[in-house]
Amino acid sequence: MRIRSLGVIDDAVVELSPGFTAVTGETGAGKTMVVTSLGLLLGGRADPALVRIGAKSAVVEGRITVPSDAAAVRAEEAGAELDDGALLVSRTISAEGRSRAHLGGRSVPVGVLSELADDLIAVHGQSDQQGLLKPARQRGALDRYAGEAVAVPLDKYAAAYRRLRAVATELDEITTRARERAQEADMLRFGLEEIAAVEPRAGEDTELAAEAERLGHAEALASAATLAHAALAGNPEDPEGVDATTLVAGAHRALEAVRSHDPALAVLAGRIGEIGILLSDVAGELAGYADDLDADPLRLAAVEERRAALTQLTRKYGEDVGAVLAWAEDGSARLVELEGDDDRLAGLTAERDALSAELSGLARALTEARVEAASRFAAAVTEELASLAMPHARVTIDVRQTDDPDGVEIDGRTVAYGPAGVDEVELLLAPHPGAPARPIAKGASGGELSRVMLAVEVVFAGTDPVPTYLFDEVDAGVGGKAAVEIGRRLARLAKSAQVVVVTHLPQVAAFADRQLLVEKTNDGSVTRSGVQVLEGEDRVRELSRMLAGQEDSETARAHAEELLAAARGDG
C-alpha cells in the first residue's frame with residue numbers, strides 16, 4: 001500500500017508479506033492508520049477528519065493479489081482489469097468529505113470494494129471485541145460460524161416471519177377498523193346507487209351543453225340562416241331584389257362569351273363557375289338548416305333538467321362525466337373488497353394459523369442448528385484457550401428462549417420470536433474449575449477477556465474462506481507467558497493464510513515472519529521512510545524498546561534475542 005496525507009502519515013509505503021507480518025511502533029506513531037488504510041481500500045467509511053491537516057485530500061493505493069474466483073469475477077463485472085492476478089485499488093478522500101474509489105483502472109462505487117472485502121480479508125479488532133460483548137451480536141457471530149446449517153433454515157424462517165407479520169397487520173387493520181370500513185362501504189353504495197339512477201354516458205355532458213346552447217338561441221339562428229339564404233339565393237317575395245347567386249351567374253356568362261380568346265381569362269371564368277356552384281350548395285344547406293331547426297321549449301327544458309342531474313354528480317364525484325364514471329368503477333372494486341372482508345378475514349386467519357405452525361417448525365429447526373453449532377463453537381474456543389495459557393478455562397454458549405404469550409408455540413411453550421428466530425445467545429466463561437459460568441463481560445479479567453476474544457477471532461478465522469486476516473491489537477491487556485502463546489498461535493494460523501497483526505507486545509512480534517516499524521519524524525509525521533522493514537540488529541533494537549522502553553539496554557537486548565530464538569525454534 002501507498003498512503004498519503006492520512007492522519008499522521010504524510011507519505012509512506014507499506015508492503016505486507018505472505019505469512020505473519022507484525023506492525024509495531026510507539027503509541028501514536030500511526031500503526032492504526034495502517035489498519036485504517038486497508039479498511040478504506042476495502043470500502044470502509046470515509047471520514048474527512050482522517051485527512052492530514054493542511055492537505056486537500058488523503059489517498060490510499062494498493063495492489064491486492066486475488067486468489068478467489070468469486071472476487072475476480074465480481075471485479076471484472078465492475079469493469080476492472082487484473083494485472084497478473086492482482087487488483088490495483090485506490091481510494092481518495094477530500095477534506096470536504098467527498099470519496100472516490102478506483103478498481104483495476106475503473107472508477108467504481110465504494111460499495112463494490114465492500115463486496116470484494118468479504119472474499120479478500122477478515123478484520124478483527126478491539127471494536128469487534130466490544131461488539132461481541134453484546135448478546136445481540138453473539139447470536140450473529142454464532143450464525144456466521146455455523147454457516148449453511150443455520151443460514152438455510154434462517155432464510156426460510158425470515159421469509160415466513162415477514163409474511164406472518166404482513167398477514168397479522170392486515171388482520172389487525174380489518175378487525176380494528178371494522179366500523180370505519182362499514183361506513184366507507186355505505187358511502188360507496190350510496191354514491192354508486194346515485195350514479196346508477198342517472199345512468200350517465202361518457203361525453204354526454206359535452207353533447208348536452210352544445211344542444212342547450214343551440215336550443216336556447218333557436219330563433220336567432222333561424223332568422224340569421226333565412227337572411228343569409230335570401231342574400232345568396234334571393235327572396236321569392238321580392239322578385240326585384242338582387243342576390244349573390246344571380247350576380248355571380250351574370251359574371252360567369254360575361255366571361256364565358258370571350259374565354260376562348262385568352263387562356264388567363266378562361267381560368268378566371270372557371271373559378272367564377274366554381275364560386276357559383278359553391279354558393280348554390282351553401283344556399284341549399286342554409287335552407288335545410290332553417291327548416292330543421294326546432295325551437296322546442298319542451299326539449300330545451302328536458303336538456304336543462306338532464307344537465308342539472310349530471311351537474312349534481314360532477315359536484316360530488318368528479319369534474320366531468322368521465323371522472324364520475326371512473327369514480328364509479330373504482331368505487332365498485334373497493335366495495336367488492338370491503339364486502340369481502342368476512343371471507344378475507346377467514347382466509348387471513350387460516351393463513352396466519354398455518355404460518356404460525358410453519359414458523360414454529362422452522363424456529364425449532366433453527367434452534368437445533370444453533371445448539372449443535374454452539375457446542376462445536378464452544379469446544380473450539382475452549383481448545384484455543386488451552387493454547388493461550390488458559391488450560392482450565394471452559395467456554396459454553398447458552399441458547400435460550402424468552403416466554404411471551406403473544407409469541408409462537410414451540411414444544412408446549414409460547415416464546416418470543418423475532419426476525420432472526422426465537423433464540424437468545426450468550427457466551428459464558430468459567431475461567432477455572434469450580435467457577436460458575438458467567439457472561440464473558442462479567443466473568444473474565446482484562447487479560448482473560450482479550451484471550452477469550454482472540455480465541456473467538458481465531459475460531460472465526462478458521463471458518464472465513466478469505467486469504468488474509470488482520471488483527472488490530474486484540475492482544476491488549478495480555479502479557480507474559482500468555483503473550484507468548486498468542487504469538488505462537490498467530491504464527492500457526494499464518495502457515496495457511498496471510499496474517500497481519502498490529503501489536504504492542506514483543507512476545508507476539510517475535511513470532512512474525514516480517515516486522516514493520518511505523519516511526520514518526522521530528523515534525524510528527526510519518527514519511528515514505530517512516531515504515532521500515534526491520535531485520536537483524538534493527539529488529540532486536542525495536543523488540544528491546546517494546547520490552548523495556550530502552551533500545552540499548554543490554555538486559556532488554558538479551559531478552560529480545562532470546563524471544564527471537566525461541567520463536568524461530570518454535571516455528
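Since this is a predicted model, take the numbers as computed values, not measurements. Each residue takes its place number in the sequence, starting with 1.
Residues M1 and L41 are in side-chain contact: their nearest non-hydrogen atoms beyond the backbone lie under 4.5 Å apart. By the 4.5 Å heavy-atom criterion applied to side chains, L325 and E329 are not counted as neighbours. Looking at heavy atoms from C-beta onward, L192 lies in side-chain contact with W327 at the 4.5 angstrom threshold. Contact annotation: the side chain of V422 approaches that of V408 to within less than 4.5 Å [non-hydrogen atoms, C-beta and beyond]. Considering only heavy atoms from C-beta on, L116 comes within 4.5 Å of L103 through its side chain. Between V321 and L313 there is no side-chain heavy-atom pair separated by less than 4.5 Å. In this structure the side chain of I93 never reaches within 4.5 angstrom of the side chain of R100, judged on heavy atoms. Annotation: side chain of R63 is not in contact with side chain of L87 (no heavy-atom distance under 4.5 Å).
Under 4.0 Å is where a charged nitrogen must lie from a carboxylate oxygen, and between E81 and R106 no such pair does. Ion pairing between a basic and an acidic side chain is recognised when a charged N comes within 4.0 Å of a carboxylate O; K156 and E358 show no such pairing. Salt bridge D423/R370: present, at least one basic N to carboxylate O contact under 4.0 Å. A salt bridge between E274 and R271 is absent, with no side-chain N of the basic residue lying under 4.0 Å from a carboxylate O of the acidic one. Ion pairing between a basic and an acidic side chain is recognised when a charged N comes within 4.0 Å of a carboxylate O; E184 and R334 show such pairing.
In this structure, Y161 and Y417 have perpendicular ring planes: the angle between them is above 60°, well past the 30° mark.
Taking CZ of R163 as the start and CG of L355 as the end, the distance is 7.0 Å to the nearest 0.5 Å. Interatomic distance, L232 CG to L278 CG, rounded to the nearest 0.5 Å: 9.5 Å. Separating the CZ atom in R4 from the OG atom in S37 is a distance of 12.0 Å, to the nearest 0.5 Å. Separation of atoms CG (L310) and CD1 (I195) is listed at 11.0 Å; rounding is to 0.5 Å. Atom OG of S280 is separated from atom CD1 of I275 by 12.0 Å, given to the nearest 0.5 angstrom.
A donor atom on one side chain and an acceptor atom on the other are not found under 3.5 Å apart for T169 and D172. Inspection of the R91 and S99 side chains reveals an N or O donor paired with an N or O acceptor under 3.5 Å. If you check the side chains of E424 and T402, you find a donor sitting under 3.5 Å from an acceptor. Neither side chain, E61 nor S90, offers a donor N or O lying under 3.5 Å from an acceptor on the other.
Each of L50, V518, I3, L40 was checked for a side-chain contact (heavy atoms from CB on, under 4.5 Å) with M33, and the lone residue meeting it is L50.
A donor-acceptor pair is defined here as one N or O able to donate and one able to accept, closer than 3.5 Å; such a pair exists between the side chain of D320 and the backbone of A323.
By the 6.0 Å contact criterion, CD on E96 is enclosed, its count of non-hydrogen atoms from other residues, nucleotides or ligands being greater than 12. The environment of CD in E77 is crowded: more than 12 heavy-atom neighbours from other residues, nucleotides or ligands sit within 6.0 Å.
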#### Entry: Q498 vs L16, side chain to side chain contact (heavy atoms under 4.5 Å, CB included): CA-CA, chis, key distance, verdict
CA-CA 9 Å; Q498 182 184 37; L16 303 175; 3.8 Å; yes
